[in-house]
Structure formats: structure tokens, C-alpha cells
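Just so you know, ligand 1 is whichever comes first in the structure, and atom 1 is the first atom listed for that ligand.
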Amino acid sequence: MTPALPPLEHYAALAAERMTDLASRYAASAAGSGHTARWNEERYQEIRLAPRVGVDVTSVDPSVRLLGRRLPHPVLLAPTGCHRLFHPEGELASVRGAGEAGALFVVSSYTTTPTADIAAAARGPWWFQLNPAPDAGFVANVLDEAVARGAEALVVTLDTPVAGMRSGQGWDGVSLPDGLEFGVLRDLPAGLAPPADPEVIHRSALDAGLTWDRLAGLCAERELPVLVKGVLRGDDAERAVAAGAAGIIVSNHGGRNLDTLPATVDALPRVVERVAGRVPVLVDGGVRSGGDVLKALALGANAVLLGRPYLWGLAAEGAEGVRRVVTRLRVELEMAMALCGVRTTDEITDDVLWT
Ligand SMILES: Cc1cc2nc3c(=O)[nH]c(=O)nc-3n(C[C@H](O)[C@H](O)[C@H](O)COP(=O)(O)O)c2cc1C
């Protein structure tokens, strides 16, 4: 019998049975030989915990405060594209599952559902992620739409000026099967067709000329907080804060862009140190358990984002799968907190790490 909150491996296996070959390859693909994607997970397992016993943990509260909002726990859903490849209800199932699990949902630019429909189905806060395209008018329309529909923040992905060479994907990432279309990028005036010449590295939907000055313009133009996703270096974190970013997401894109980048949990402390509390720092990549969430927070993250694991839940059981994957991690986090002798997320410091 399936337990009420199965482990993530259960969903990985179930998803593998249910996903089309295309969806499987899209979710799993990583840059190069997949070192970075593996390190993201492995490095969490190399960090040891130092539990404090004899603490009254009759009440454990995993909630966090983020950009002025109290969230029931620190697990957010990272922007990932093409949810209709995983389940017929696509992003609608994801955003419902997120809402039921109390997880903030980040809508990807590569959504296969229009932003308006996701917004209508949302039962909790959501942010919109932008892969800036070279077309300023198009980008302005996309952002205006997201803001009008209720996005509470914008996430600008800066780590993808060009696509990486992904092993195993075997798909250009934009030619969807019949019956599916992109909810936002379908309106890109230049179209999405990959260049006919395989030696051309640039793509119509990716702005290879985006600099910190332009990001500062984006931050200044909008009332909404703008988070920068894809930062690994301390000096880039400083540039993000100087440009007006309201938050930083330490990310290597799940190891999908450039192989041999460090695991994000190794990059996190440098960014945290440089930012010194001026804006929240989030991290994604390889988070697979509540213990991993605890470790990320102990290293200074304010919250984490999940990528592949909720796609497994989506592929396996739609909204319910997403809800159960997130809930499993939240319950594991509460257990890990109690077992380490911490009652609130504010009490999670590097004191819980075995150094
Ligand atoms: C299938 C898939 C699609 C993704 N699409 C996007 C995207 O559209 N925009 C973006 O900023 N990041 C995208 N990402 C990266 C995620 O936001 C996140 O950084 C990464 O998945 C976290 O690592 P994890 O999968 O190990 O949890 C994608 C990741 C996956 C696995």
C-alpha cells in the first residue's frame, strides 16, 4: 500500500513509469556529463548535523517571513517549463498542488498555460519568472500582464544568456508536441524556432545582452520586488543588490546550463556573507529532503526552491502529487527541526551544523 506521504524516490519511480520519453529526458537532462547536477544533491549529504537535545520541542513552527509575507514553510516551487508535457492539466495542477501545500509557486516564462489561467487557479501567492527576451516591447507586455494578474514578485533569470549543451535532452526545448503551445512565449514576435544553423548559440527567446544596468532599469521601472536568479559569486550578489534586486536566488539552473559549476550549497555561504542580510537569499538545486532544507537555512538561506521533485509529483499524480511531495518535505523539515532542538526557523543557525 502506498503510504500517505511517500518518499521522493517513490515519486521519481512512479513518474518514470508515467512520463513520456520526451518529458523524462526534459526533466532529467543536465549539462555536460551531469557533474553539477549530481554535486547539487551529493554535497547536501556530506554536511553533518549537530543535534541539540533536551530542548522543549513540543511546538515546532517552520514558517518564514519573505518579502513582507509570512509563508507556512520555506519550500517554494522553482520556475520550470512545459508542465503540460508532464500532466494534461500542466501548470494548473502545479499551482493548485502548490496552494494546497502552502508553497509559493513561481511561474516560468516557458509555461504551457497562459499566465491569466494560472493566476485564476492560484490559491496562494505566486511570482513570475522572466527569461528576458531581446524584444523590449514583448518583455514589457509580459511583465505588465503578470503584474496585472497578481504576481507578487518578478524573478529574472540571469544565468541563461544562451542555452547550455544538455546531454540526453535530444530536444530543442521549444518544438512542443501537437496540441501543446507556450502560454506566454507563443506571442514572441520573432518566433521560437531554433536557428537552422547548429553552430549558432543564440536563441530568439534569450537576451544575451542583458547587463546589470538593464537589470537596474527593470527594478526601477516596476513597483514589484525583483529577485535575481542564477547568482553563484559574492561579487555578482553585490552587483544584484546595487542594481536594486529585492532578493537573490543562488542557483546553477539545476546543473542544466554549464557543467562543473559548484554545487549551490557550496556557493551559498559566499553569497550570504556578501549580502549580509540586506536582501533575502534563496537557494535551489539538489534539495531532496527536509534535512536539506534545514541545512540550507543553517547556511543562511531564507528559503529554498524545488525543481525536479515536484515535476515527479506532477507527472505521477497531478496536483495531489505536487501537494504530497511538498508536504513530505515540510513534515521532514519539522522532524529535523525538532530532532536538532530548534523550534522556529529563526533559531536555525550554523549551530546545528557539525563543523
Ligand atoms: C524541467 C526543468 C525546466 C526548467 N525551466 C526553467 C525555466 O523555465 N526558468 C528558470 O529560471 N529555471 C528553470 N529550471 C531551473 C529551476 O528553476 C531550478 O533552478 C532547478 O530545477 C533546481 O534544481 P533541482 O531540479 O535539482 O531542484 C528548470 C529546471 C527543470 C528541471
Residue, atom name and distance, where the atom is the protein heavy atom closest to [atom]:
{"atom": "atom 4 (C) of ligand 1", "result": "Thr80 CA, 3.5 Å"}
{"atom": "atom 8 (O) of ligand 1", "result": "Ser108 OG, 2.7 Å"}
{"atom": "atom 12 (N) of ligand 1", "result": "Lys229 NZ, 3.0 Å"}
{"atom": "atom 18 (C) of ligand 1", "result": "Asp284 OD2, 3.2 Å"}
{"atom": "atom 26 (O) of ligand 1", "result": "Arg288 NH2, 2.7 Å"}
{"atom": "atom 11 (O) of ligand 1", "result": "Thr157 OG1, 2.7 Å"}
{"atom": "atom 1 (C) of ligand 1", "result": "Arg256 NH2, 3.4 Å"}
{"atom": "atom 23 (O) of ligand 1", "result": "Gly285 CA, 3.3 Å"}

Note: Arg222-Asp144 ion pair, threshold 4.0 Å (strictly below): yes

Short list, please: which atoms of ligand 1 are under 4.0 Å from a heavy atom of [X]?
{"X": "Gly286", "answer": "24 (P), 26 (O), 27 (O)"}
{"X": "Gly81", "answer": "3 (C), 4 (C), 5 (N), 8 (O)"}
{"X": "Tyr110", "answer": "8 (O)"}

Val293: which of Leu333, Val283, Thr345 passes side chain to side chain contact (heavy atoms under 4.5 Å, CB included): Leu333

Result of checking Val64, Ile249, Leu67 against Pro280 for side chain to side chain contact (heavy atoms under 4.5 Å, CB included): Leu67

Side-chain donor or acceptor of Thr36 paired with backbone N/O of Asp259 under 3.5 Å: no

Flag, side chain of Lys295 to backbone of Tyr44, donor-acceptor distance under 3.5 Å: yes

Would you say the side chains of [X] and [Y] form a donor-acceptor pair under 3.5 Å?
{"X": "Tyr11", "Y": "Glu317", "value": "yes"}
{"X": "Asp61", "Y": "Thr344", "value": "no"}
{"X": "Asp21", "Y": "Ser24", "value": "no"}

Winner among Gly307, Pro79, Gly254, Pro309 once heavy atoms are compared against atom 16 (C) of ligand 1: Pro79

Test side-chain contact (heavy atoms from CB on, under 4.5 Å) applied to Val55 and Arg343, step by step: CA-CA 9 Å; Val55 178; Arg343 290 159 296 206; 4.0 Å; yes

Residue-ligand contact Leu311/ligand 1, heavy atom below 4.0 Å: yes

Contact with ligand 1 for Glu41, non-hydrogen, under 4.0 angstrom: no

